[in-house]
Trainee: 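Just dropping this structure here.
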Amino acid sequence: MDRRRPHRNSDVARAVRRTRDRLSQQAGSLDFDRELLKLHARAMVVSAAAIPLLVLTVAAIGRLSGVGNQVAIWALFTLLCYTIVAFMARRVERTEAAELDPVQTRRDFLIGHSLCGLGWAWFAWLGCDTCQVDQFHVVKAMVLLVAMATTAVMASSLGGALLATFAVPVAVYVYAVLRLSMPIEGIMAALLVAALPFFGYVARHLNQASWMVLSFRSEKDALIAEVETAKSMSDEARRRAEDANLAKSRFLASMSHELRTPLNAILGFSEVMANEVLGPMNNPTYRDYAHDVHESGQHLLDLINEILDLSRIEAGRYQLNEEPVVLVTIVEDCCHMMELRARNKDIRVIQEFETTLPRLFGDERAIRQITLNLLSNAIKFTASGGEVRVRVGWTAGGGQYISVKDNGPGIPDEEIPVVLSAFGQGSIAIKSAEQGTGLGLPIVQGLLDMHGGEFELHSKLREGTEAIAIFPLSRVMEELPALPTKAVAARRR
C-alpha cells in the first residue's frame, strides 16, 4: 500500500486477481508440479512399509512352499529398489518446494519406480516346478494385482508411475504364460492386461482430484490475499476519512470565533443603519440595502450555528445539560414563537397536548431546537391557508413524543433518505422559493440519538408530512408519592 499514490491500490488488487486467474487456469503451472511432487513424496514416505510387507509375506510363503533361494534374492532386490525410492521421497519431502527442479525430480522418481518394476518383472518370470502350490502362475497374478492396486493409490500424484512400474512385469507375465498355453493362466494374463489400464484410469482420476485440491487451495490463498488487500484499502480510506473529519472539526473550532465576530459587527451596524438610529438616511435605497445586509448576515450566522451544532454532534462533543423539563411547556413556547411566522402565511397551528404528562429528563435547549426545526420545516413547506397540527403525548412503550404534521405537498418515498442526510434537499425544497440549508433534520436526528430516542418521518405526496420525535421510557421521570401528614403519621405510630 502506497499512501502517496492512491491509484496503486487498485493496481495491487488487479495484480492479485490476475495471479489468481493464472493459477486457477494454467494446469501446467510449475508451482502445481512441485506441490504434486511433494504430495507424492509424502505418500511414499507414509506408506513406505506397505509394499515391502507384501514382498516379505510373498517371500516367506514362497520359502515355505519350496520355491527356493531365488525368491529370497528377488525379495532382497525388490526391497532395495523400494528403499531407494523411499530415501528419494524423504529427500524431496524435506526440500522446499521452491528449490525443487520439477523435471529432474519427476525423472528420478520414474527411474526409481522403473527399478521397482524390474523387481516385479523378476517375480513374474519366477517358475516353480517342485513347489507345493497349485496354479503358481495364478498366485503370481493375484500378487501382481494387489501390488498394482496399492501402487495406483500410493503413486497417484505422479503421472505415469503405475505404467513405469508394471508395464514390464505384465508383459513378462504374459510372455511366460503364453509359453505354457494353459487356459487358466491365459485368463489371468488377460485380467492383468485389462487391470493395468483400469488402475491407470483410477490413478489418473486421483491425480486430477489432487490438481483440483491444489487449485482450490491456490484460489483460497488468492482470495485471502485479495481480502487482505481490500482490508488494507478500507483501512487506508477510513484513516483518510478520520483525518479529514478531524481537520474539519479543527477548522470549524478555530474558525467559529473568526466567523462570528465579523458577522456580529455586520449585523449590529446594518441594524443601526436600517433603523436610522444615528439619524435619517436621505436615500431610501440605502436603507433597503441595510435591511438586505442584515437579513443576509442573519442567514449566514444561522447557517454557521447549524453547521457547528452538527459538527459537534457528529464529533461527540455536544454536551447535554440534562434536567427535569416539562415537554408540553417547551413545545407550547415554541408554538408561540412560530405563531407570527405562521400568521404571515395564513397557516393555522393546531395544538393537541396531553396535560398530565410527567417531567422528562433531558436538555431543554436541545428539545427546544428539535421542536423549532420541525415547526420551521412544516410552516416553510405548507401553502397559504393550510394547517400545522402539533401533538404531544404518550407512546405505546411508555415514552413521550412530539408530532408535527402538515398538509403540504409531501415528500416522495425515494427522497426521504436524501432529506435526512446532511445538506440534503428534496425536489420540492429545491423548487421552492424559500430554500433552507438541509441541516435541520440531521440535527434533530443527532439530538434525539443523544437522548436515546428515535426520529420518524412519514410523508405522502399531495397529502402532507408528519415528523415524530420520540423520547424513550428511560427519560420519563416517575412521580414520587406525597409525604404523609402528621395525622396519618400519628395513626401509623
Side-chain angles (χ1 to χ4, degrees), residues 16 19-20 22-57 59 74-122 146-169 199-200 202-225 228:
V16 171
T19 303
R20 182 193 65 189
R22 177 176 58 81
L23 291 177
S24 60
Q25 293 176 3
Q26 293 183 359
S29 174
L30 292 178
D31 293 334
F32 279 12
D33 290 339
R34 293 187 179 97
E35 291 295 333
L36 283 176
L37 290 173
K38 295 279 288 185
L39 288 177
H40 176 69
R42 190 173 299 111
M44 295 303 298
V45 171
V46 171
S47 57
I51 293 185
L53 285 177
L54 177 64
V55 171
L56 291 176
T57 303
W74 161 79
L76 289 176
F77 176 76
T78 307
L79 290 175
L80 178 62
C81 295
Y82 275 102
T83 303
I84 294 174
V85 173
F87 276 108
M88 189 185 307
R90 175 68 69 178
R91 179 178 56 84
V92 172
E93 186 184 20
R94 293 178 177 177
T95 306
E96 294 293 334
E99 299 177 359
L100 287 177
D101 184 2
V103 178
Q104 180 65 34
T105 306
R106 177 183 173 84
R107 183 167 59 246
D108 294 342
F109 270 128
L110 290 178
I111 292 174
H113 285 288
S114 299
L115 290 176
C116 297
L118 292 179
W120 288 112
W122 187 353
V146 173
M148 196 181 300
T150 307
T151 304
V153 176
M154 289 172 48
S156 61
S157 299
L158 182 65
L162 181 67
L163 189 63
T165 306
F166 287 97
V168 175
F199 286 123
V202 173
R204 185 169 62 254
H205 274 270
L206 292 176
N207 184 270
Q208 291 177 357
S210 300
W211 272 103
M212 292 298 294
V213 169
L214 292 176
S215 177
F216 290 151
R217 189 175 70 180
S218 175
E219 180 82 7
K220 180 196 69 174
D221 295 340
L223 289 175
I224 291 175
E228 291 293 333

Trainee: Quick one: closest heavy-atom pair of L36 and S157, and the distance?
Mentor: O-CB, 3.7 Å
Trainee: Please determine whether a side-chain nitrogen of the Lys or Arg among E35 and K38 lies less than 4.0 Å from a carboxylate oxygen of the Asp or Glu.
Mentor: no
Trainee: Working to the nearest 0.5 Å, report the span between CG of D101 and CG of D108.
Mentor: 9.0 Å
Trainee: Could you measure the distance from the CE atom of M154 to the OG1 atom of T165? Nearest 0.5 Å is fine.
Mentor: 9.5 Å
Trainee: With a 4.5 Å heavy-atom cut-off, do W120 and I51 have their side chains touching?
Mentor: yes
Trainee: Does a side-chain heavy-atom distance below 4.5 Å link L54 with T150?
Mentor: no
Trainee: For A121 and V168, work out which heavy atoms get closest and say how close.
Mentor: CB-CG1, 3.8 Å
Trainee: Look up atom CZ in F199 and atom CG in L206, then write down how far apart they are to the nearest 0.5 Å.
Mentor: 11.5 Å
Trainee: Angle class for the H40/H113 ring planes (parallel below 30°, perpendicular above 60°, tilted otherwise)?
Mentor: tilted
Trainee: Heavy atoms, side chains only, cut-off 4.5 Å: are L56 and L79 in contact?
Mentor: yes
Trainee: From R90 CZ over to R42 CZ, what is the distance, rounded to the nearest 0.5 angstrom?
Mentor: 11.0 Å
Trainee: Would you name the heavy atoms of V55 and T78 that are closest together and state the gap between them?
Mentor: CG2-CG2, 3.9 Å
Trainee: Locate the shortest heavy-atom distance separating A43 from S47; write the atom from each residue and the value.
Mentor: O-OG, 2.6 Å
Trainee: Taking C-beta and beyond as the side chain, do V85 and C116 meet within less than 4.5 Å on heavy atoms?
Mentor: yes
Trainee: Any heavy-atom pair between the side chains of M44 and L158 that's under 4.5 Å?
Mentor: no
Trainee: State, to 0.1 Å, how close W74 and G119 come at their nearest heavy-atom pair, and which atoms those are.
Mentor: NE1-O, 2.6 Å
Trainee: Specify the closest pair of heavy atoms between G117 and P169, including all atoms of both residues, with the distance to one decimal.
Mentor: O-CG, 3.2 Å
Trainee: For E96, does the CD atom sit with more than 12 other heavy atoms under 6.0 Å from it, leaving out its own atoms?
Mentor: no
Trainee: If you round to the nearest 0.5 Å, how far is CG of L37 from CZ of F109?
Mentor: 6.5 Å
